[in-house]
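Shown next, in structure tokens, is the structure this report addresses.
What you see is a predicted model, and the numbers here were worked out from it, not measured in a lab.
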Amino acid sequence: MSLIYIKNMVCPRCIVAVKDALAQEGIGFTSVELGKVQLQQDLGHEQKKNLMGILKSKGFELLESPSAALISQIKALIVSQIHHSDKLIHVNFSTFLSQEIGQEYTSMSRLFSQVEGITIEKYITQQKTEKVKELLIYDELSLSEIADKLNYSSMAYLSSQFKKETGMTPTEFKKQAKPHRKGLDEI
């Protein structure tokens, strides 16, 4: 059994697409998660080349370098936790990532910053901001509920982070995101 890493897997649909690619090439696997696949056996040269082509056509990339694989794994865990999990983690992200990946956070953080040009914390903030935007557009939760859902210490902290990232408050974003509907007198 061998483990391969795949770049750009960010959602449950990506898992389905990668499973389809593996099936198309007749490659056996035991599990497919965001960013990684546990294969039943090592890939031959031709299989690997074909799989790379199929994955590329679907917007994915087979990662060869251990550094690229680690960064992809970090991103996949963050995206999965923020965008696709309803369970709050009860530790900070640095501890969560260290536990999940089994490496020291400081070395992961240094590598991430060198390769990506931003810190892991900044990447987490960007992902949380995107999730806040999504939840504001859905208009199903109050700002306080969104802060709780995304594990912010307070609604005020969420608002200040959001404004730093987007240049507007959550309320301003919500008003701007709602399509303007014409009144009868405007038709």
**Prompt:** Got L77 and F96 here, is their nearest side-chain heavy-atom distance under 4.5 Å?
**Reply:** yes
**Request:** Would you mind reporting whether K36 and Q73 have side-chain heavy atoms less than 4.5 Å apart?
**Result:** yes
**Request:** Determine the minimum heavy-atom distance between I82 and I124, stating which atoms define it.
**Result:** CD1-O, 3.8 Å
**Message:** Any non-hydrogen side-chain atom of I71 less than 4.5 Å from a side-chain atom of Y123?
**Reply:** no
**Message:** If you compare all heavy atoms of K131 against all heavy atoms of H83, which two are closest, and at what distance to 0.1 Å?
**Reply:** NZ-O, 3.4 Å
**Request:** Consider only side-chain heavy atoms of I, L, V, M, F, W and Y, link residues closer than 4.5 Å, and tell whether L63 and I74 are in one cluster.
**Result:** no
**Request:** Could you tell me whether the side chain of S109 and the main chain of Y105 form a donor-acceptor pair under 3.5 Å?
**Result:** no
**Request:** Step by step, work out the side chain to side chain contact (heavy atoms under 4.5 Å, CB included) result for I89 and F93.
**Result:** CA-CA 8 Å; I89 55 173; F93 262 101; 4.2 Å; yes
**Prompt:** Are Q126 and E130 close enough, and set up right, to give a side chain to side chain contact (heavy atoms under 4.5 Å, CB included), and what steps lead you there?
**Reply:** CA-CA 6 Å; Q126 290 172 346; E130 289 306 309; 5.8 Å; no
**Request:** Check the surroundings of atom NZ in K58: do more than 12 heavy atoms from other residues, nucleotides or ligands lie under 6.0 Å from it?
**Result:** yes
**Item:** Rounded distance [0.5 Å steps], NZ in K174 versus CG in D139
**Value:** 4.0 Å
Which donor-acceptor pairs under 3.5 Å do side chains of residues 2-21 form with protein atoms, sequence neighbours excluded?
from : atom 1 : to  : atom 2 : distance (Å)
S2   : OG     : D42 : OD1    : 3.1
N8   : ND2    : G59 : O      : 3.1

**Reported CD-to-CD1 distance for the pair E25 and I54, which is rounded to 0.5 angstrom** = 4.5 Å
**Message:** Any salt bridge linking E121 with K128? Criterion: basic side-chain nitrogen under 4.0 Å from a carboxylate oxygen.
**Reply:** no
**salt_bridge(E172, K175) N-O dist < 4.0 Å** = no
**Asked** Measuring from I146:CD1 to E140:CD, what's the distance to the nearest 0.5 Å?
**Response** 10.0 Å
**Request:** For atom CD of E104, decide whether the heavy atoms of other residues, nucleotides or ligands shown that lie under 6.0 angstrom number more than 12.
**Result:** no
**Message:** A side-chain contact here means heavy atoms from C-beta on lying under 4.5 Å apart; do F29 and Q38 qualify?
**Reply:** no
**Prompt:** Are any non-hydrogen side-chain atoms of K56 and L62 less than 4.5 angstrom apart?
**Reply:** no
**Asked** In terms of side-chain geometry, is the basic nitrogen of K122 or E165 positioned less than 4.0 Å from the acidic oxygen of its partner?
**Response** yes
**Asked** Would a distance-only check, ignoring hydrogens and angles, find a side-chain to backbone donor-acceptor pair under 3.5 Å from S98 to S94?
**Response** yes
**Item:** Donor-acceptor pair, side chain of Q81 and main chain of I78, under 3.5 angstrom
**Value:** no
**Message:** Would you compute the distance between atom CD of Q24 and atom CG of L55 and round it to the nearest 0.5 angstrom?
**Reply:** 9.5 Å
**Trace of the side chain to side chain contact (heavy atoms under 4.5 Å, CB included) decision for L141 with K149** = CA-CA 9 Å; L141 300 173; K149 180 177 180 64; 3.9 Å; yes
**Request:** Please check if V37 and V79 belong to a single hydrophobic cluster, counting links between Ile, Leu, Val, Met, Phe, Trp and Tyr side chain heavy atoms closer than 4.5 Å.
**Result:** no
**Chi angles and distances behind the side chain to side chain contact (heavy atoms under 4.5 Å, CB included) call for L143, S159** = CA-CA 9 Å; L143 198 54; S159 294; 3.6 Å; yes
**Asked** Going from CG on L111 to CG on L70, what distance comes out if it is rounded to the nearest 0.5 angstrom?
**Response** 5.5 Å
**Message:** What I'd like to find out is whether the side chain of F162 reaches to under 4.5 Å of the side chain of L136, using heavy atoms alone.
**Reply:** yes
**Asked** So, do T125 and Q161 sit near enough that their side-chain heavy atoms are less than 4.5 Å apart?
**Response** yes
**Fill in**
Between L158 and P170, the two heavy atoms sitting closest are CD2-CG, 4.1 Å
**Message:** Is the shortest side-chain heavy-atom distance between E61 and M52 below 4.5 Å?
**Reply:** no
**Prompt:** Which distance, rounded to the nearest 0.5 Å, do you find between the CG of L39 and the OG of S31?
**Reply:** 9.0 Å
**Asked** When you look at CD of Q41, are more than 12 heavy atoms from neighbouring residues, nucleotides or ligands closer to it than 6.0 Å?
**Response** no
**Message:** Could you work out, with side chain to side chain contact (heavy atoms under 4.5 Å, CB included) as the rule, every residue matching S80, not counting sequence neighbours?
**Reply:** L34
